[in-house]
Amino acid sequence: MVRKFTLTVSACVFAAFSAFAQKSPADYVNPFVGTTNYGTTNPGAITPNGLMSVTPFNVMGSDLNNKDKDKSWWSTPYEFNNKFLTGFAHVNLSGVGCPELSSLLLMPTTGKLDVDYHNYGSLYRDEIATPGFYQTILGKYNIKCELTATPRTSMARFTFPKGQNNILLNLGEGLTNETGASVKFVNDREIEGSKLLGTFCYSTQSVFPIYFVMRVNKLSEKSGYWKKMRPMEAEAEWDETAGKYKLYTSYRKNMSGDDIGVWFSFNSDKEEVVEVSMGVSFVSIENARLNLDKEQPFGTTFDKLRQQARDRWNEDLSKIKIEGGTEEQKGVFYTALYHTLIHPNILQDVSGQYPQMEGNNILTTNRDRYTVFSLWDTYRNVHQLITLIYPKRQLDMVHTMLGMYREHGWFPKWELFGRETLTMEGDPAIPVIVDTWMKGLKDFDIKEAYKGMYKSATTPGKDNLLRPDNDEYMKRGYVPMESQYDNSVSHALEYYVADNALSTLADKLGKKEDAKLFRKRALGYKNYYSKEFGTLRPITKDGKFYSPFNPKEGENFQPCPGFHEGSSWNYTFYVPHDIEGLIKLMGGGKNFVDRLQSVFDNGHYEPTNEPDIAYPYLFSRVKGEEWRTQKMVKKLLAENFTTKPDGIPGNDDTGTMSTWAIFSMMGFYPDCPGVPEYTLTTPAFDRITIELDPKYWGKDKLVLVKEGNGDYIKSIKFDGKTVNKFRISHEELIKANVITFVTTNNINK
């Protein structure tokens with residue numbers, strides 16, 4: 001589209017004039033990456049792990065849009081190829097697979113007041129997005145729109161042309177499937193209210209309110225509410241507003257309803273700038289106001305907030321410094337790191353208050369309390385990255401999970417703003433907590449954590465929130481099929497990984513019998529192995545393999561007997577805790593490698609979903625085949641990750657796909673959740689300097705160096721000493737000062 005590619009050309013010209021200037025990491029970030037191809041990211045303004053985000057909303061109101069939230073499944077407020085914008089949404093999710101949040105739609109217009117979004121929406125052009133900032137021009141009105149954010153607030157700066165100008169806040173629309181809002185004028189420039197959100201992934205009882213305070217820095221000439229009136233029959237003859245939007249021009253008490261809004265109108269005889277600030281809270285209106293007062297004190301300017309947001313991003317992104325590689329690779333890397341640092345988000349207000357997990361109380365914390373735990377995705381690599389690079393943040397996340405256990409009785413599975421959505425399967429908090437503790441971040445009550453993990457691993461199914469099919473799993477060592485599409489094998493595979501992690505923790509805590517029990521359970525995957533197909537295969541309730549069986553069934557996210565969002569090929573190698581056992585089942589290393597290679601050669605590998613993303617690293621479990629990992633990782637990076645809008649292979653899953661790229665480009669990957677080990681591969685850059693926190697790691701940096709321009713690793717040196725392995729422990733990684741990868745263009749068999 002011309003409006004966006006013109007921007008790209010302009011950026012390139014600017015870059016040419018700035019060739020000698022030192023780029024900061026934020027300069028390499030392109031927030032438009034992942035905004036099409038179902039990457040479900042958005043280009044809006046946010047700070048690292050911030051509660052507030054504000055982004056363009058362009059997925060409703062016009063046939064000009066290719067994607068519409070009401071016409072087909074859609075889970076993000078923005079699509080790069082859409083053309084029609086109907087506002088700027090506050091508090092959004094990045095890289096998720098179900099529609100939610102993205103409400104409080106702020107929209108500037110000009111001319112006669114019209115509150116129907118089908119009419120007031122506009123084409124737009126000249127988009128710019130950088131970390132903490134977004135800008136566009138509304139073509140219909142010639143209004144320049146700029147957005148920035150603090151951790152809990154946002155500011156929009158609208159540059160209006162001469163004439164009548166309007167600011168609209170639509171409380172009836174958004175991505176959420178929930179309805180209902182309430183709003184009130186506090187004075188002529190401030191409103192307050194709440195809106196109900198929730199029902200993520202159609203979890204109908206997982207609902208929660210968002211509270212807000214909005215301020216306009218200019219006194220309007222007119223203002224009021226609107227409400228979409230219900231259709232009438234006989235009464236419609238006397239009420240011209242029946243079934244239409246009704247404007248309230250003098251009423252100032254509370255307004256409530258499913259489809260309501262607030263409007264402000266101004267008149268100006270020249271171009272004029274109006275700023276709109278929004279504070280939010282998931283506790284109360286009073287806290288939303290407090291957040292706004294503290295993070296945007298009197299006299300705060302838009303440019304100051306924008307710079308503060310950019311500085312926050314540069315501080316976090318600079319924890320990893322890269323040298324060498326191409327400009328494209330640097331863009332991929334820092335954009336991926338940017339996406340990884342969007343979720344989880346802080347939840348507590350500046351007062352420290354936050355909503356109790358699955359409760360009605362308001363609690364207070366003296367550390368960061370987090371939300372948006374998409375753990376089925378992130379337990380595989382995101383938390384391992386946060387542990388290494390941002391250890392205090394990871395500890396706060398573990399403390400959050402422990403807090404949720406205390407408040408609710410269970411660790412989270414897929415938590416969203418204090419509600420458990422129970423999306424996806426497994427017991428994913430276990431590997432996260434175990435991995436964190438095993439790597440040395442032990443500043444939390446591990447005995448209490450173990451108690452909570454043991455509970456979910458042993459409680460009977462009827463009383464088990466996390467493992468509802470635990471009875472059969474504990475009895476048989478596997479989960480049999482109850483119905484054709486019950487995802488039984490996927491459930492069990494997740495339990496195996498969790499139980500393996502729990503086994504290693506039990507052993508460290510001196511609970512030897514528990515360790516044996518959970519390790520035995522973790523090996524139950526062998527029940528599913530079918531020699532006939534050389535894959536895992538569902539088992540029916542009578543103990544027989546499901547038939548007829550096609551291991552390719554389930555590709556392209558179609559329903560599949562026994563497997564969730566994938567085929568048997570996508571899951572067969574997902575036993576990272578016992579690859580040695582799987583190799584034996586498959587008849588030895590050669591058969592294992594041949595079968596694994598066939599996954600890639602025959603198009604069975606799915607780079608857009610989690611179960612098989614670590615497959616490329618499994619070649620390195622067979623001595624002499626490590627070169628396949630090095631070849632495949634480079635190939636997959638080049639094919640699936642770019643700096644274009646479709647530069648993520650699919651749903652980013654709150655940063656999980658991006659984190660795969662980060663680790664892969666650095667040259668090491670945590671391919672077994674809950675086990676503090678990494679598999680090594682060829683780095684994408686000549687030199688990578690990871691800034692470490694001495695408080696947790698006892699040193700301030702780790703350097704990875706690539707010698708030569710080859711694709712394959714000839715040798716690896718730790719502080720000058722050659723090591724003869726491609727899999728290392730976290731302790732070995734941290735103890736090294738410099739890890740050198742000597743490369744060659746010859747396959748090192």
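By convention here, the first residue in the shown sequence is residue 1.
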Calculate, to the nearest 0.5 Å, the distance between atoms CD1 and OG1 belonging to Ile143 and Thr109 respectively.
6.0 Å
So, using side chain to side chain contact (heavy atoms under 4.5 Å, CB included) as the criterion, who are the partners of Tyr390 when residues are at least two apart?
Asp316, Lys319, Leu337, Leu341, Ile386, Arg393
Does the side chain of [X] come under 3.5 Å of the side chain of [Y] through a donor N or O and an acceptor N or O?
| X | Y | answer |
| --- | --- | --- |
| Asp303 | Gln307 | no |
| Lys253 | Tyr248 | no |
| Thr36 | Asn81 | yes |
| Asp427 | Ser456 | yes |
| Tyr120 | Asn170 | yes |
| Asn92 | Ser53 | yes |

Identify, with sequence neighbours excluded, every residue that meets ring-ring contact (aromatic ring centres under 6.0 Å, His included) alongside Trp414.
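If we apply the ring-ring contact (aromatic ring centres under 6.0 Å, His included) test to Trp414, skipping adjacent residues, the hits are Phe200.
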Excluding sequence neighbours, so at least two apart, what forms ring-ring contact (aromatic ring centres under 6.0 Å, His included) with Trp263?
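Scan of Trp263 (ring-ring contact (aromatic ring centres under 6.0 Å, His included), adjacent residues dropped) gives none.
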Salt-bridge criterion met for [X] and [Y] (N-O under 4.0 Å):
| X | Y | answer |
| --- | --- | --- |
| Lys144 | Asp126 | no |
| Arg230 | Asp258 | no |
| Glu610 | Arg380 | no |

With [X], which residues qualify under side-chain hydrogen bond (donor to acceptor under 3.5 Å, both in side chains), at least two apart?
| X | result |
| --- | --- |
| Glu272 | Lys218, Ser268 |
| Thr654 | none |
| Gln135 | none |
| Asp377 | Ser374 |

Would you mind reporting whether [Y] and [X] have side-chain heavy atoms less than 4.5 Å apart?
| X | Y | answer |
| --- | --- | --- |
| Tyr354 | Thr365 | yes |
| Phe373 | Val432 | no |
| Gln348 | Arg152 | yes |
| Ser203 | Thr423 | no |
| Phe88 | Cys145 | yes |
| Ser103 | Phe57 | no |
| Phe444 | Ile433 | yes |

Between Thr41 and Val33, is a side-chain contact (heavy atoms from CB on, under 4.5 Å) present by the stated rule, with each step listed?
CA-CA 7 Å; Thr41 63; Val33 170; 5.9 Å; no
Polar side-chain atom of [X] near backbone of [Y] as donor-acceptor pair, under 3.5 Å:
| X | Y | value |
| --- | --- | --- |
| Glu415 | Val372 | yes |
| Trp410 | Pro412 | no |
| Asp68 | Asp70 | yes |
| Asn166 | Ser265 | no |
| Asn37 | Gly34 | no |
| Thr148 | Gly132 | yes |
| Asn217 | Glu275 | yes |
| Asn345 | Gly50 | yes |
| Ser75 | Val96 | yes |
| Asn254 | Ser182 | no |

Taking salt bridge (Lys or Arg N to Asp or Glu O under 4.0 Å) as the definition, give me every residue that meets it alongside [X], ordered by chain and number, with sequence neighbours left out.
| X | value |
| --- | --- |
| Glu358 | Arg419 |
| Glu420 | none |
| Glu565 | none |

What do the steps show when you test Tyr338 against Asn30 for side-chain contact (heavy atoms from CB on, under 4.5 Å), and what is the final call?
CA-CA 9 Å; Tyr338 166 82; Asn30 180 1; over 6 Å; no
Candidate pair Phe185 and Phe264, rule ring pair (Phe, Tyr, Trp, His ring centres under 6.0 Å), full reasoning:
CA-CA 11 Å; Phe185 276 91; Phe264 299 84; 5.8 Å; yes
Restricting to pairs with a member in residues 170-183, which pass salt bridge (charged side-chain N to carboxylate O under 4.0 Å, His left out), not counting sequence neighbours?
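As it turns out, the salt bridge (charged side-chain N to carboxylate O under 4.0 Å, His left out) pairs with a partner in residues 170-183, which skip direct neighbours, are Lys69-Glu173.
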Pair listing, salt bridge (charged side-chain N to carboxylate O under 4.0 Å, His left out) test, anchored in residues 95-121, at least two apart:
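Sorted pair list comes back empty.
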Derivation and outcome, salt bridge (Lys or Arg N to Asp or Glu O under 4.0 Å), residues Asp396 and Lys392
CA-CA 6 Å; Asp396 284 345; Lys392 181 184 181 302; 3.0 Å; yes
Please walk me through it: do Arg310 and Thr130 pass side-chain contact (heavy atoms from CB on, under 4.5 Å)?
CA-CA 8 Å; Arg310 183 177 180 83; Thr130 61; 4.3 Å; yes
Correct closest heavy-atom pair for Asp349 and Phe282 would be OD1-N, 4.5 Å
Heavy atoms of other groups near Asp63 CG, more than 12 under 6.0 Å
no
Within 6.0 Å of NZ in Lys228, more than 12 heavy atoms from elsewhere
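For Lys228, atom NZ is crowded (more than 12 foreign heavy atoms under 6.0 Å).
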Can you classify the ring geometry of [X] versus [Y] as parallel (below 30°), tilted (30 to 60°) or perpendicular (above 60°)?
| X | Y | value |
| --- | --- | --- |
| Trp73 | Tyr38 | parallel |
| Phe32 | Tyr78 | tilted |
| His564 | Trp376 | tilted |

Applying salt bridge (Lys or Arg N to Asp or Glu O under 4.0 Å) to Asp311 and Lys304, what does each step give before you reach the verdict?
CA-CA 10 Å; Asp311 290 345; Lys304 180 179 180 180; over 6 Å; no
Trace of the side-chain contact (heavy atoms from CB on, under 4.5 Å) decision for Val280 with Asn291:
CA-CA 7 Å; Val280 296; Asn291 291 338; 6.0 Å; no
